[in-house]
Every structure is written in structure tokens, then in C-alpha cells.
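Let me begin by presenting the structure, written as C-alpha cells, before commenting on it.
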Amino acid sequence: TRRIAAGDYAAPPGPQRHDEIGELGTALAGMTAAIAEREAHIRHQATHEPVTALPNRGSLSDAIDAALPAAAAVIVVALVRLQEVANTVGRDLAEQIMRDAAQRLAALCNGAPLGCVGEQSFAFLAPADDVAGAMAVAARVSDAFDQPYREGDLAIDTTAVVGIALAPEHGTSAALLLRRAEVALQ
């Protein structure tokens, strides 16, 4: 039980017994697995945004800090009019638009850190040596949102605005780069 209290949920090797002690060991192993599963779920909830299942701001910041090369761009993408969509056609559809936007951006990121940093905004780390490289990435993002989101007969414009912060010119930490890219949205 000390091992479990310390967070070690690996099943210990033990003799296979077919008596009450064996049943107790099997029950304890089942409880240990259930606790480990619940903790993994709680950990995921604490580090991911629930609608898109993308890393949240804190997790994304950690990933960007870990992956930040000498030259890169932090790109923040905000969906325009998403609140109006939610107010008009409902929160469920607005959340589906967020999930669609997450998929569109994931296709552009090629495995680079991507996360949800606000109710209607995302951010990711993009390789870019200069402003021209960052602007090319921003153009690809804009192109990805040229097509409206479709739900049955309904087509909803998914226009996005983009803010860019370059490393190392605008900062060398994820927190500072995210803040400056968000300011660039204005």
C-alpha cells in the first residue's frame, strides 16, 4: 500500500494463489488499475481544453518552451464572430466549429506544438527564420479558413485573424511570445 500511496500503480509480480489471499491480491490489483486510470484522466483534464482536446495554455507553453529553436514564430489564431455564432445558433455548433478549426490547424502544424489558448483562439509554434517566413505561415492559416464550416445545409463563415511573435526578436519564452502574438491580433 505504501507503493500505491506514493503513486506507483504498476502491478507487483506475485505468486498466483487461488485462496482468499489471491482474491485479495486480485481485488487490490483491480483497484490500483482503476486509480491509475482516474489519475490519468484527471491529469489530461488539467492539461487539455475540453472542447478540442488540445493542450491548454499552460501545457502549450511548456511544449513551446521545450521545443523553441533559435528562430521560430508563435502564431495565435482567433476565430472571428464565434461568440455571435454561439448566441445565434447555439453553443453546441460553436463548439463543433472549434473542433473543426483545431483539425484545420493540426493539418498545418505537422506535429509542431498546437494548443487552445482561449475560448475562441489557438496558438502554435511554427518554423520561421524571419518575418517573411512567418507571414507565409499566416497566409496558409488564412487559406485554411477560406472555406466555411458546413453543418447540413448551414454554412458558417470561419474567418480567422492571425497574430505573430518572432523568437528571439519578440521574446525567448512561450509566455512572452504568446502574449505578444495576442497583442498583434488587435
Side-chain angles (χ1 to χ4, degrees), residues 7 36-86 91-147 149 156 158-186:
E37 184 178 319
R38 281 193 299 274
E39 281 195 8
H41 180 72
I42 291 167
R43 200 172 302 110
H44 185 270
Q45 287 180 316
T47 59
H48 289 75
E49 192 273 331
V51 171
T52 63
L54 288 175
N56 62 19
R57 186 182 199 91
S59 293
L60 178 63
S61 290
D62 291 345
I64 289 174
D65 280 334
L68 193 63
V74 170
I75 311 284
V76 173
V77 180
L79 300 181
V80 178
R81 300 183 26 240
L82 189 65
Q83 188 59 50
E84 289 91 0
V85 169
R91 188 86 190 141
D92 290 342
L93 187 57
E95 289 178 357
Q96 188 56 40
I97 291 169
M98 283 292 287
R99 285 187 283 275
D100 178 70
Q103 291 173 349
R104 293 180 193 206
L105 290 170
L108 293 173
C109 288
N110 296 324
L114 165 67
C116 191
V117 295
E119 285 188 26
Q120 55 193 26
S121 60
F122 302 88
F124 65 95
L125 182 66
D129 293 329
D130 55 16
V131 172
M135 294 300 288
V137 173
R140 287 195 303 274
V141 168
S142 292
D143 290 345
F145 290 92
D146 277 349
Q147 296 299 313
Y149 172 77
I156 298 175
T158 55
T159 303
V161 293
V162 178
I164 302 169
L166 296 173
E169 292 89 353
H170 301 132
T172 57
S173 73
L176 183 57
L177 290 166
L178 283 167
R179 190 168 57 245
R180 291 191 170 156
E182 287 171 328
V183 168
L185 286 173
Q186 308 308 320

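For D129 (side chain) and A71 (main-chain N/O), no donor-acceptor pair under 3.5 Å exists by modelled atom type. Without hydrogens or angle criteria, R180 side chain to H170 main chain gives a donor-acceptor distance under 3.5 Å. A distance-only check finds a donor-acceptor pair linking the side chain of S59 to the backbone of T47 [under 3.5 Å].
In this structure, L82 CG and R91 CZ are separated by 7.0 Å, a value rounded to the nearest 0.5 Å. The distance from atom CG of L105 to atom CG of D100, rounded to the nearest 0.5 Å, is 9.5 Å. Rounding to the nearest 0.5 Å places CZ of R81 at 9.0 Å from CD1 of I97. Separation of atoms CZ (R104) and CG (D143) is listed at 11.5 Å; rounding is to 0.5 Å. Summarising the geometry, atom CZ belonging to F145 is positioned 7.5 Å from atom CG belonging to L108; distances are rounded to the nearest 0.5 Å. Of the inter-residue distances, the one linking L166 atom CG with I75 atom CD1 reads 7.5 Å to the nearest 0.5 angstrom.
For Q83, the side chain to side chain donor-acceptor pair (under 3.5 Å) partners are N87, not counting sequence neighbours. S61 is linked by a side chain to side chain donor-acceptor pair (under 3.5 Å) to nothing, counting only residues two or more places apart in sequence or in another chain.
Residues A184 and G163 come closest through the heavy atom pair CB-CA, 3.9 Å. Across all non-hydrogen atoms, the minimal contact from L54 to C116 is CB-N, 4.0 Å. Between M98 and L79, the closest heavy-atom pair is SD-CD1, 3.7 Å. The two atoms that bring A112 and L125 nearest to each other are CB-O, 3.1 Å, heavy atoms only. Between A102 and L114, the shortest heavy-atom distance links the atoms O-CD2, 4.0 Å. Of all the heavy atoms in V74 and A181, the pair that sits closest is O-CB, 3.7 Å.
Counting heavy atoms from C-beta outward, T52 and F122 have side chains that approach closer than 4.5 Å. With contacts defined as side-chain heavy-atom distances shorter than 4.5 Å, the pair M135/I164 qualifies.
Environment of CD in E169: crowded, with over 12 heavy atoms of neighbouring residues, nucleotides or ligands closer than 6.0 Å.
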Test side-chain contact (heavy atoms from CB on, under 4.5 Å) applied to R43 and E39, step by step: CA-CA 6 Å; R43 200 172 302 110; E39 281 195 8; 3.8 Å; yes
V141/F124 under side-chain contact (heavy atoms from CB on, under 4.5 Å): CA gap, chis, key distance, verdict: CA-CA 11 Å; V141 168; F124 65 95; 3.7 Å; yes
